[in-house]
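Below is one structure, written out as structure tokens; comments come after it.
Here the structure is a predicted model, which means the values were calculated and not measured. First listed ligand is number 1; within each ligand, the first listed atom is number 1.
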Amino acid sequence: MCGIVGFVGRRNAVPVLLEGLKRLEYRGYDSAGVAVLLDGQLQIRKCVGRLRNLEQQLQQAPLAGAPGIGHTRWATHGEPSDVNSHPHTDSSGRIAVVHNGIIENYQELRRELEQKGHIFRSETDTEVIPHLIENELADGAANFEDAVRRALRRARGAYALGILFADDPEILYAARHGSPLIVGVGDGEHFIASDVPAILNETSRVIYLNDGEIAVLKADGASVFTLDGRAVRPEIKKVEFQAEAIERAGFETFMMKEIHEQPRVLRSLIAKHIDSNGHAQLPGFSLADEYIKGLARIMIVSCGTAYHAGMYGRLLFENLAHVPVETDLASEFRYRNPMVDPGTLIIAVSQSGETADTLASVRLARKWGCKVLSICNVRGSTLTRESDAVFYTEAGPEIGVASTKAYTAQLMAFCLLTLHIARIRGTISDSATRELARALQRIPDAVHYVLGRKDDIQKIAGKHHDGPSSLYLGRKYNYPTALEGALKNKEISYQHAEGYAAGEMKHGPIALINEYLPVVCICTRTEDEVYDKMISNIKEVEARHGRIIAVATENDRTVAGLAEDVISVPDMRDEFSPIVNIVALQLLAYYAAQARGTDIDKPRNLAKSVTVE
Ligand code: M6R
């Protein structure tokens with residue numbers, strides 16, 4: 001979604017803004033722009049398309065000045081176009097605004113302002129903000145800050161804002177409500193950004209703004225106020241990861257780098273959480289044992305990839321911790337009547353911690369008296385601040401839009417949480433716990449093994465990438481793997497892919513199978529009947545001449561005899577095989593995308609974190 005960067009200090013803002021916007025490219029965007037103050041005038045450059053278009057414009061018509069604001073826009077209201085790009089200004093061109101979020105009542109505000117003579121130029125919801133501020137200044141606001149406050153009290157919806165006034169040239173204003181925004185604290189300068197990576201090369205000291213707060217930033221100082229003017233003491237936090245974490249480190253894409261980081265991420269989660277007795281320890285975990293023992297139900301809410309992680313978590317909790325679990329897409333949960341009560345624990349899963357629907361679900365659940373546990377990758381994100389307990393997946397910044405390492409870290413989080421909850425509830429014996437812990441410890445090496453097969457996987461992708469569609473089938477623990485594998489393929493290769501529970505194939509999708517359709521079958525060996533059932537499904541595909549690509553346990557001759565191509569993975573316990581199997585499918589999607597020539601790190605239309613509904 002949209003990215004915001006802002007700077008106030010004693011040097012030229014433009015290079016800072018451009019560098020910051022480049023570091024936010026992963027969020028997804030279709031146009032970009034900057035505004036700086038120069039000799040009491042606001043100077044703006046903006047255009048549709050990638051940042052290089054803006055850079056070209058800046059070469060032709062250079063800019064220098066400070067403070068400044070920059071923006072990458074992901075269109076919601078109004079098509080991607082030069083005029084709809086941010087920054088937007090008021091009628092006089094003396095107020096410039098960049099915005100992430102949606103102003104829900106913009107139509108009614110726009111009508112009112114137009115009646116008063118304001119001239120609007122774009123189709124965006126954002127443009128009402130500078131006009132509203134202009135209106136409040138004309139209507140007797142005490143000063144610029146008061147005008148911002150008064151304007152924002154009238155806006156409904158979500159916003160993160162950067163605001164400049166030509167007539168208040170020392171100050172950068174920022175505000176947040178429902179969309180992420182941080183303040184970076186430098187030496188004699190301040191920054192704003194949608195996300196930490198944008199400014200990490202400048203400073204690692206940040207203030208996480210809360211909803212309903214306005215920051216007034218000068219080169220030498222930062223003050224924070226609420227919308228009703230109350231001063232808030234800003235808490236400066238140190239960001240833990242280093243700037244190198246957001247470099248490609250020699251890989252051709254961030255996604256490939258992140259796929260390769262998985263063994264390390266998983267290993268360190270295991271090392272941190274499994275003690276020498278094989279028990280899962282969750283330091284700082286703030287859900288009391290008594291509460292866990294009395295848990296009546298768990299409800300897992302999330303979106304996209306994180307939803308698939310939740311589906312996996314459900315199976316683990318039910319099978320090992322014996323808790324009834326439901327999963328729901330956050331966007332659906334909000335609009336049904338899920339009958340949760342204070343005995344229900346809500347688990348919200350989110351890489352970014354900023355997904356609008358997930359946050360809305362959590363707020364609803366809290367209103368109903370439920371406790372919220374979040375599984376999240378981003379410290380300081382809104383979700384973590386609104387949860388009763390947090391399990392940090394600690395995968396490091398994920399820049400590739402398609403989630404990879406955050407997903408396997410979420411799966412690992414569910415494994416560790418399940419072991420913890422199952423032990424407290426007494427549903428697994430000590431020896432079973434130790435055995436599961438030993439099996440968990442083998443996962444990083446197994447993932448490493450799959451990474452070592454990437455040349456084989458590339459060849460397989462090369463054979464199948466050019467068709468219009470593909471089908472992914474899996475059962476039980478690997479049903480979510482099928483959904484996630486198909487999602488990866490869709491996201492980055494733009495090839496239609498459908499994930500299905502293999503048992504459902506006969507109820508419809510079997511009609512699709514012919515000699516052209518690639519059917520990815522996840523059929524790793526298990527100790528229960530699921531394996532036999534998968535073999536039957538593969539035979540059904542074979543009988544209809546589908547092109548079977550199997551993910552199978554190494555040396556499985558049965559599967560090898562049925563499939564056109566086999567991706568071998570090490571022998572794993574049933575419960576943990578999804579963490580390994582999905583890595584094979586991430587690579588399969590990756591190489592299909594590469595063969596199809598897509599922009600793998602920034603797939604079209606997608607945003608890294610979906611901060612609007
Ligand atoms: O940040 P979140 O985990 O809450 O994001 C949820 C989805 O938007 C996200 O998983 C999306 O599906 C990814 N692009 C998947 O690769």
Tell me, which protein residue and heavy-atom name are nearest [atom], and how many Å apart are they?
{"atom": "atom 8 (O) of ligand 1", "answer": "V610 CG2, 4.0 Å"}
{"atom": "atom 6 (C) of ligand 1", "answer": "C303 O, 3.3 Å"}
{"atom": "atom 5 (O) of ligand 1", "answer": "T355 OG1, 3.5 Å"}
{"atom": "atom 1 (O) of ligand 1", "answer": "S352 OG, 2.6 Å"}
{"atom": "atom 13 (C) of ligand 1", "answer": "E491 OE2, 3.4 Å"}
{"atom": "atom 3 (O) of ligand 1", "answer": "Q351 N, 2.6 Å"}

Against the six-membered ring of Y494, is R604 placed for a cation-pi contact (under 6.0 Å from the centre, within 45° of the normal)?
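Yes, R604 lies over the aromatic ring of Y494.
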Identify, by atom number and element, the atoms of ligand 1 in contact range of [X], meaning under 4.0 Å from any of its heavy atoms.
{"X": "S350", "result": "1 (O), 2 (P), 3 (O), 4 (O)"}
{"X": "K488", "result": "15 (C), 16 (O)"}
{"X": "A306", "result": "3 (O), 10 (O)"}
{"X": "T305", "result": "10 (O), 12 (O), 15 (C), 16 (O)"}

With a 4.0 Å cut-off, would you call R267 and D445 a salt bridge?
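Yes, charged N to carboxylate O under 4.0 Å.
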Please determine whether a side-chain nitrogen of the Lys or Arg among K608 and D195 lies less than 4.0 Å from a carboxylate oxygen of the Asp or Glu.
no
Is there any ring pair (Phe, Tyr, Trp, His ring centres under 6.0 Å) pair reaching into residues 371-411, and which pairs are they, with sequence neighbours excluded?
H273-F391
Non-hydrogen atom of [X] closer than 4.0 Å to ligand 1:
{"X": "K608", "result": "no"}
{"X": "A402", "result": "yes"}
{"X": "V401", "result": "yes"}

So, the side chain of [X] versus the backbone of [Y]: is there a donor-acceptor pair under 3.5 Å, distance only?
{"X": "R453", "Y": "I567", "value": "no"}
{"X": "E258", "Y": "G400", "value": "yes"}
{"X": "T598", "Y": "I492", "value": "yes"}

Going by atom types only, do T393 and N377 share a side-chain donor-acceptor pair under 3.5 Å?
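Yes, a side-chain donor-acceptor pair sits under 3.5 Å.
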How far apart are the C-alpha atoms of F576 and Y477, what are their side-chain angles, what is the distance that settles it, and do they pass the ring-ring contact (aromatic ring centres under 6.0 Å, His included) test?
CA-CA 8 Å; F576 303 145; Y477 287 110; 8.4 Å; no
